[in-house]
Amino acid sequence: MRLIVAGAAGRMGRALTRAIVETEGAELSGAFERPGSPAIGQDAGELAGVGRLGVAISDDPLSLVVSADGALDFTTPDATVALSELAAQGRIVHVIGTTGLEEKHLARLDAAARHAVIVRSGNMSLGVNLLAALVRQAAAALGPDWDLEILEMHHRAKVDAPSGTALLLGEAAAEGRKISLAEHSVRSRDGHTGARPEGTIGFATLRGGSVVGDHTVILAGSGERVELSHRAEDRMIFARGAVKAALWGYRRKPGHYSMADVLGFAGQ
Ligand SMILES: NC(=O)C1=CN([C@@H]2O[C@H](COP(=O)(O)OP(=O)(O)OC[C@H]3O[C@@H](n4cnc5c(N)ncnc54)[C@H](OP(=O)(O)O)[C@@H]3O)[C@@H](O)[C@H]2O)C=CC1
Ligand SMILES: O=C(O)C1=N[C@H](C(=O)O)C[C@H](O)C1
C-alpha cells in the first residue's frame with residue numbers, strides 16, 4: 001500500500017515514516033509539510049532517522065495523492081480538513097490522528113467520507129482503545145453516584161485541551177451511562193464553583209516536560225475509588241496503530257470509521 005505522510009517533519013510525522021518503513025505491505029510514496037516549512041526538500045527518511053529513502057518532502061499534497069493509496073495525517077485541524085477533501089477526490093484512505101477538531105471540522109470530514117475511507121481516532125494505540133472499552137463497562141456498572149473524572153498529562157508543546165484521548169474516554173464513559181457528553185461535561189473549574197453536580201464528567205489537564213501521554217479515568221464513590229490508567233511511553237504505539245488502520249481501510253467502502261472498528265472493539 002502506497003502511503004503519504006502529512007506533517008512529515010513533526011513529532012508524529014517522523015514516527016509515521018519509521019512505522020511505514022518497518023511494516024511489510026506498506027511503502028512511503030510521498031511526504032509533505034506546510035508551504036514555507038524549512039523541511040521542504042529534505043529526505044523524509046533522513047529526517048525520521050531511518051536513512052535516505054529517496055522521498056523528498058513536498059509542499060504539494062495534491063501531486064502526492066494522485067499516486068497514493070492512503071495518507072497518514074497527524075497535523076492541525078485545518079490541514080486535516082483540506083487533506084480530507086483531496087483524499088475524497090483521490091478515493092484514498094485518510095487516517096486522521098489530529099486532535100482539537102471542532103464540529104465545523106467534523107462536518108467537513110463527514111462530507112469527505114462519502115468518497116474517502118476515513119479512519120479517525122483521538123488515540124491510535126491498542127492500549128487506549130482497550131481502556132475505552134473498560135471505561136464504558138465501568139461507567140455502566142457503577143451508577144451516577146460514582147463521580148467520573150478524567151485526568152490527562154502531556155508534553156509542554158501540546159496545543160489542544162482536553163486531549164483527544166481524554167475526550168474519547170469521556171465519550172466512552174457517557175455511552176456507558178447512556179448520557180450525552182456535551183450536556184454533562186465540566187471542562188474547567190476556577191473560583192467558587194459550588195459542589196460537584198451529580199452525573200457530570202469532569203476533565204483536568206496537566207502540561208509539562210516531555211510526557212508522551214498519560215490518562216487516568218477516576219470513578220470516585222463514597223469510601224472507595226476505582227482508577228483506570230494508560231501511560232504512553234513511545235509515539236511509535238500511535239504510528240503503528242495508524243499504519244494498521246491504513247492497511248485495514250485499503251479497498252474498504254468509503255465511510256467515517258474509528259480505531260475501535262479497526263481493532264474490533266466497536267460496541268464493546
Ligand atoms: N490520535 C493519536 O493517536 C495521536 C494524535 N496526536 C495528534 O497529532 C497532532 C500532531 O501532533 P505532533 O506530531 O505532536 O505535532 P507537531 O507540531 O510535532 O507536528 C505537526 C506537523 O504538521 C505540520 N503542519 C502544519 N500545517 C500543515 C499543513 N498545512 N500541511 C502539512 N503539514 C502541516 C507542522 O508543521 P509546522 O510545525 O511547521 O507548523 C508539524 O510539522 C496533534 O493534533 C496531536 O494531538 C499525536 C499523537 C497521537
Ligand atoms: O499531542 C499529543 O502528543 C498526543 N495527542 C493525542 C491526544 O490529544 O490525546 C494522543 C496522545 O495522547 C498524544
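Every number for a ligand or one of its atoms is a count from 1 in the order of the listing. Quick note: residue numbers are just sequence positions, from 1.
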Inset, instruction - Record the part of Leu168 in heavy-atom contact with ligand 2 below 4.0 Å; permitted values are side chain, backbone, both and neither. - result: neither

Inset, instruction - Using a strict 4.0 Å threshold on nitrogen-to-oxygen distance, state whether Glu152 and Arg207 make a salt bridge. - result: yes

Inset, instruction - Look up atom 37 (O) of ligand 1 and tell me if a protein heavy atom lies less than 4.0 Å from it? - result: no

Legend entry - For Thr99, atoms of ligand 2 separated by under 4.0 Å from a heavy atom: 7 (C), 8 (O)

Inset, instruction - Around atom 7 (C) of ligand 2, find the nearest protein heavy atom and jot down its residue, atom name and distance. - result: Gly164 N, 3.4 Å

Legend entry - Nearest option to atom 5 (C) of ligand 1, as decided by whichever heavy atom of Ala157, Gly241, Gly97 sits closest: Gly97

Legend entry - Enumerated ligand 1 atoms positioned under 4.0 Å from heavy atoms of Phe32: 30 (N), 31 (C)

Legend entry - Hydrophobic cluster identity match, Phe238 and Met236, side-chain contacts under 4.5 Å: no

Inset, instruction - Considering heavy atoms of the protein only, find what lies nearest to atom 5 (N) of ligand 2 and give residue, atom and distance to 0.1 Å. - result: Lys158 NZ, 3.2 Å

Legend entry - Shortest protein contact, atom 9 (C) of ligand 1 (heavy atom only): Thr75 O, 3.5 Å

Legend entry - salt_bridge(Glu149, Arg189) N-O dist < 4.0 Å: yes

Inset, instruction - Would you mind checking which non-hydrogen protein atom is closest to atom 6 (C) of ligand 2, with the distance to 0.1 Å? - result: Gly122 O, 3.7 Å

Inset, instruction - Would you mind finding which of Met259, His155, Glu33 brings a heavy atom closest to atom 40 (C) of ligand 1? - result: Glu33

Legend entry - Min heavy-atom dist Gly122 to ligand 1 below 4.0 Å: yes

Inset, instruction - Go through the side-chain N and O atoms of Thr75 and Asp73 and say whether any donor and acceptor fall under 3.5 Å apart. - result: yes

Inset, instruction - Could you tell me whether Arg196 and Glu198 have a side-chain N and a carboxylate O separated by less than 4.0 Å? - result: no

Inset, instruction - Starting from atom 17 (O) of ligand 1, locate the nearest protein heavy atom and write down its residue, its atom name and how far away it is, to 0.1 Å. - result: Arg11 NH2, 3.7 Å

Inset, instruction - Taking the side chain as every heavy atom from C-beta outward, state whether Thr165 and His230 have any atom pair closer than 4.5 Å. - result: no

Legend entry - Donor-acceptor contact present, side-chain Ser185 to main-chain Arg187, <3.5 Å: no

Legend entry - Any Val212 heavy atom less than 4.0 Å to ligand 2: yes

Inset, instruction - Looking only at non-hydrogen atoms, find the nearest pair between Val243 and Ala26 and report the distance. - result: CG1-CB, 4.3 Å

Legend entry - Sub-6.0 Å ring centroid separation between His256 and His94: no

Legend entry - Tyr257 side chain near Val262 side chain, heavy-atom distance below 4.5 Å: no

Inset, instruction - Of the side chain and backbone of Ser121, name the one, both, or neither that has a heavy atom under 4.0 Å from an atom of ligand 1. - result: backbone

Legend entry - Protein contact of atom 25 (C) of ligand 1 - nearest heavy atom, named by residue and atom, plus distance: Thr76 CG2, 3.9 Å

Inset, instruction - Check each atom of ligand 2 against the heavy atoms of His215 and keep those under 4.0 Å away; list them by number with element. - result: 12 (O)

Inset, instruction - Consider only side-chain N and O atoms of Asp78 and Thr76, and report whether a donor and an acceptor are under 3.5 Å apart. - result: no

Inset, instruction - Looking only at protein heavy atoms, identify the closest one to atom 19 (O) of ligand 1 and say how far it is in Å. - result: Gly10 CA, 3.4 Å

Inset, instruction - Any atoms of ligand 2 less than 4.0 Å from a non-hydrogen atom of Ser163? List them with their elements. - result: 7 (C), 8 (O), 9 (O)

Inset, instruction - May I ask you to identify the nearest protein heavy atom to atom 3 (O) of ligand 1, giving residue, atom name and distance to one decimal place in Å? - result: Met124 N, 2.8 Å

Inset, instruction - Under 4.0 Å from a heavy atom of Phe238: give me the atoms of ligand 1 that qualify, with their elements. - result: 3 (O), 47 (C), 48 (C)

Legend entry - Pair Ser229-His215, side-chain donor/acceptor within less than 3.5 Å: no

Inset, instruction - Could you check which of His154, Arg34, Arg14 puts a non-hydrogen atom nearest to atom 27 (C) of ligand 1? - result: Arg34

Inset, instruction - Check each atom of ligand 1 against the heavy atoms of Gly7 and keep those under 4.0 Å away; list them by number with element. - result: 21 (C), 22 (O), 23 (C), 31 (C), 32 (N)

Inset, instruction - Name the closest protein heavy atom to atom 9 (O) of ligand 2, giving the residue it belongs to and the distance to 0.1 Å. - result: Thr165 OG1, 2.5 Å

Inset, instruction - Using atom types as modelled and distance alone, determine if a side-chain donor or acceptor of Arg14 lies under 3.5 Å from a backbone N or O of Gly10. - result: yes

Legend entry - Residue part near ligand 2, for Arg11, under 4.0 Å between non-hydrogen atoms: neither

Inset, instruction - Before signing off on this row, confirm whether Ala9 and ligand 1 have an N or O atom pair separated by under 3.5 Å. - result: no

Inset, instruction - Grab the two heavy atoms, one from Gly249 and one from Val117, that are nearest each other, plus how far apart they are. - result: O-CG1, 3.8 Å

Legend entry - Sidechain N-carboxylate O distance under 4.0 Å for Asp160, Lys158: yes

Inset, instruction - Ignoring angles and geometry beyond distance, decide whether Thr99 reaches within less than 3.5 Å of ligand 1 through its nitrogen or oxygen atoms. - result: yes

Inset, instruction - Just need the protein heavy atom nearest to atom 12 (O) of ligand 2, so name the residue and atom and give the distance. - result: His154 NE2, 2.6 Å

Inset, instruction - Considering only non-hydrogen protein atoms, determine which one is nearest to atom 3 (O) of ligand 2 and report residue, atom name and distance to 0.1 Å. - result: His155 NE2, 2.8 Å

Inset, instruction - Using a strict 4.0 Å cut-off to heavy atoms of Met12, name the atoms of ligand 1 that fall inside it. - result: 13 (O), 46 (C), 47 (C)

Inset, instruction - Quick one: look up the protein heavy atom nearest atom 29 (N) of ligand 1 and list residue, atom name and how far away it is. - result: Ala79 CB, 3.4 Å

Inset, instruction - Kindly compute the distance separating OG1 (Thr23) from CG (Leu247), expressed to the nearest 0.5 Å. - result: 7.0 Å

Legend entry - Within reach of ligand 1, part of Lys158 (heavy-atom separation under 4.0 Å): side chain

Inset, instruction - Note the single closest protein heavy atom to atom 8 (O) of ligand 1, along with its residue, its atom name and the distance in Å. - result: Phe74 CB, 3.5 Å

Legend entry - Carboxylate-amine/guanidinium contact Glu175 Arg136, below 4.0 Å: yes

